[in-house]
Amino acid sequence: MTTNASEQKIPLWRQLQAVAAVLQGVRAGMSATAALEGVTPDLRPGVQSLVFHALRSLGRAEALRQLLAPRSPPPPADALLCTALALAWREQDAPYEVFTLVNQTVEAAKRSPATQPQARFINACLRRFLRERDTLVQLTDQNPVALWNHPLWWIKRLQKDWPDQWQSILAANNRHAPMSLRVNLRRSAVLPYLQLLKNAGLNASVAGSSGVTLEQAKPVQALPGFAEGLFSVQDAAAQLAAPLLLSGLATTGSFQILDACAAPGGKTAHLLEISDAKVTALDVDPARCGRIHQTLQRLGLEARVLVADAAKVSAWWDGQLFDAILLDAPCTASGIVRRHPDVRWLRRESDIAQLVATQARLLKALWQVLKPGGRLLYCTCSVFRAEGGNQIQTFLAHNTEASLLPSPGHLLPVNRATGDAVPDNPIGDHDGFYYALLEKRAA
């Protein structure tokens, strides 16, 4: 457990109010990242940690609240009550002493006009929870949403897609992700950067050809060489994209690469770090294109950045075919839930069909601008087969000039490669991802 509330400069009840407000925002359809922007800077670090903790146990908390109060209280009170239950339901994982959490939650309720009328109700529910915790938790163990802290439709889809691995995937989603870095090979190498980390008192291990994984996460500004562009933060699975696309292509020469859906620019930068290619980076969002520019500037790299919808080729294409295309397609983000625990509560099952249609439209459009003999790498940070293997099989069935080259396929967020993946998949700690490397055969 962390230090208790009396040792904090900021009262815990204030943090709990902010956590509940973020949770209420997520329930209304706002991402946790966006909701956290409304939290004052002095509160934000502690609140973010508590928010992520609460989101990872929200299914359990809502099931407990249903037992304690079958009729839902007003949204602000319900969010505060579920926040407390999510943080306190398993004592060994609670970020503060459970009695402290209960007392400070009641204090938070009393001090907010939105929850003050329900303060006595919240107090009664939490005191009953303390008295009957073991029994209540045991009852909620029968509820799969409480047990796995994912929506029921999500659990059922994983059971269908991954009958042997679904439990491992869900368990991995509820764990903290490691902090992985990609070393900028134009400015350093992996072993010298590991030594820099060691000199700074930070332990790390090699992860892939240009990556390191920290033993303990730190703010990027606290890591040596961030401002100087020595590294970027990028998960080990995402670091496979650039080397895969470049495999079999010359890494020198003025060949043309398109990075579609490129923001925030991590994969664009990686392509430039390990090749001499001319890269065009597209994104439909002007603000996110700004992030690409910031990323490249910090790393000392240059690319052509365009604000455009990659699927509307006529609006941005100059007629020159590309040697290689990276399509990191919009998806459910079901593979990065451990980093973004709000995703599971924001997504709806109906989103999948809409995203699959978008992915297919992008594949069809971008295939037109690829040279014969060129390669397109399709990837998603999803573990759902509809957005991975099924999508590519459909594409191959309708495009006889396309062939599938050796590719990782589905990478699941567990510490081993999946059974149907190629043998050289990395065995390590990484997010869920899907990769298919396609080649366009010459006529």
Side-chain angles (χ1 to χ4, degrees), residues 2-3 7-10 14-15 18-19 22 31-53 55 95 175-208 210-239 242 262-270 272-273 281 287-303 305 336 338-342 429-431:
T2 60
T3 54
E7 296 171 335
Q8 302 296 308
K9 293 180 180 179
I10 299 171
R14 282 189 61 203
Q15 296 184 59
V19 173
V22 172
S31 75
T33 301
L36 281 162
E37 289 177 0
V39 178
T40 57
D42 62 324
L43 285 172
R44 196 173 299 154
V47 168
Q48 177 172 307
S49 177
L50 292 174
V51 163
F52 279 26
H53 190 134
L55 289 169
R175 291 196 293 267
H176 292 271
M179 186 172 185
S180 296
L181 311 178
R182 187 191 73 244
V183 178
N184 181 356
L185 297 182
R186 290 196 179 270
R187 297 195 169 182
S188 182
V190 172
L191 293 181
Y193 188 70
L194 276 177
Q195 188 61 47
L196 271 181
L197 291 172
K198 185 176 180 180
N199 294 344
L202 302 171
N203 293 324
S205 56
V206 176
S210 56
V212 300
T213 299
L214 295 178
E215 192 174 280
Q216 186 173 359
K218 295 287 184 182
V220 289
Q221 292 81 2
L223 300 175
F226 177 73
E228 295 79 11
L230 295 189
F231 71 89
S232 298
V233 178
Q234 189 178 46
D235 181 75
Q239 290 185 37
K267 297 181 182 69
T268 301
H270 199 187
L272 293 165
E273 288 168 6
R288 286 170 59 80
C289 280
R291 292 188 63 190
I292 300 175
H293 284 294
Q294 292 169 6
T295 297
L296 297 178
Q297 183 177 17
R298 183 179 63 82
L299 297 170
L301 303 167
E302 292 184 6
V305 180
I336 57 173
R338 58 187 192 163
R339 295 183 191 279
H340 301 279
D342 54 327
D429 203 346
H430 53 70
D431 289 340

Can you see which heavy atom on S210 is nearest to which on V190, and at what distance? CA-CG2, 3.5 Å

With distance as the sole test, does R44 use its side chain to make a donor-acceptor pair with the main-chain N or O of V39 at under 3.5 Å? yes

Locate the shortest heavy-atom distance separating L296 from A303; write the atom from each residue and the value. CD1-CB, 3.7 Å

Heavy-atom closest pair (D342 atom, A32 atom, distance to 0.1 Å) is OD2-N, 2.8 Å

Sub-3.5 Å donor-acceptor pair from the side chain of R291 to the main-chain atoms of G265, do we have one? no

NE2 on H340 to OG on S31, rounded to 0.5 Å: 9.5 Å

Begin with the C-alpha distance, continue with both residues' side-chain angles, and end with the deciding distance and a verdict on side-chain contact (heavy atoms from CB on, under 4.5 Å) for L272 and E302. CA-CA 8 Å; L272 293 165; E302 292 184 6; 5.9 Å; no

Please give me the minimum heavy-atom distance between Q15 and L43, naming the atom from each residue. CG-CD2, 3.9 Å

For the pair D429 and R338, evaluate salt bridge (Lys or Arg N to Asp or Glu O under 4.0 Å) and give the outcome as yes or no after the intermediate values. CA-CA 12 Å; D429 203 346; R338 58 187 192 163; 2.7 Å; yes

List the steps and the verdict of side-chain contact (heavy atoms from CB on, under 4.5 Å) for L230 and N184. CA-CA 5 Å; L230 295 189; N184 181 356; 5.7 Å; no

Heavy-atom closest contact (L55 atom, P341 atom, distance): CB-CB, 3.9 Å

Can you pull out every ring pair (Phe, Tyr, Trp, His ring centres under 6.0 Å) where at least one residue sits in residues 187-207? Sequence neighbours excluded, please. Y193-F231

Can you tell me how far CG of L301 sits from NE2 of H270, rounded to the nearest 0.5 angstrom? 11.0 Å

Between the side chain of Q48 and the main-chain N/O of L36, is any donor-acceptor distance below 3.5 Å? no

Which residues pass the side-chain hydrogen bond (donor to acceptor under 3.5 Å, both in side chains) test with E273, not counting sequence neighbours? R182

Under the rule for side-chain hydrogen bond (donor to acceptor under 3.5 Å, both in side chains), what residues qualify as partners of R186, not counting sequence neighbours? D276

Rounded to the nearest 0.5 Å, what separates atom NE2 in H293 from atom SG in C289? 6.5 Å

Across all chains, not counting sequence neighbours, the side-chain hydrogen bond (donor to acceptor under 3.5 Å, both in side chains) partners of R339 are D235, D431

Residues in side-chain hydrogen bond (donor to acceptor under 3.5 Å, both in side chains) with E37, at least two apart? none

Quick one, L191 with Q195, criterion side-chain contact (heavy atoms from CB on, under 4.5 Å). Give me CA distance, side-chain angles, the key distance, then yes/no. CA-CA 6 Å; L191 293 181; Q195 188 61 47; over 6 Å; no

To the nearest 0.5 Å, atom CZ of R288 lies from atom CD of Q294 at 12.0 Å

Donor-acceptor contacts, no H, no angles, side chain residues 211-229, under 3.5 Å, sequence neighbours left out:
residue : atom : partner : partner atom : Å
T213    : OG1  : S180    : OG           : 3.3

In terms of heavy-atom contacts, A236 and H430 come closest through CB-CB, 4.1 Å

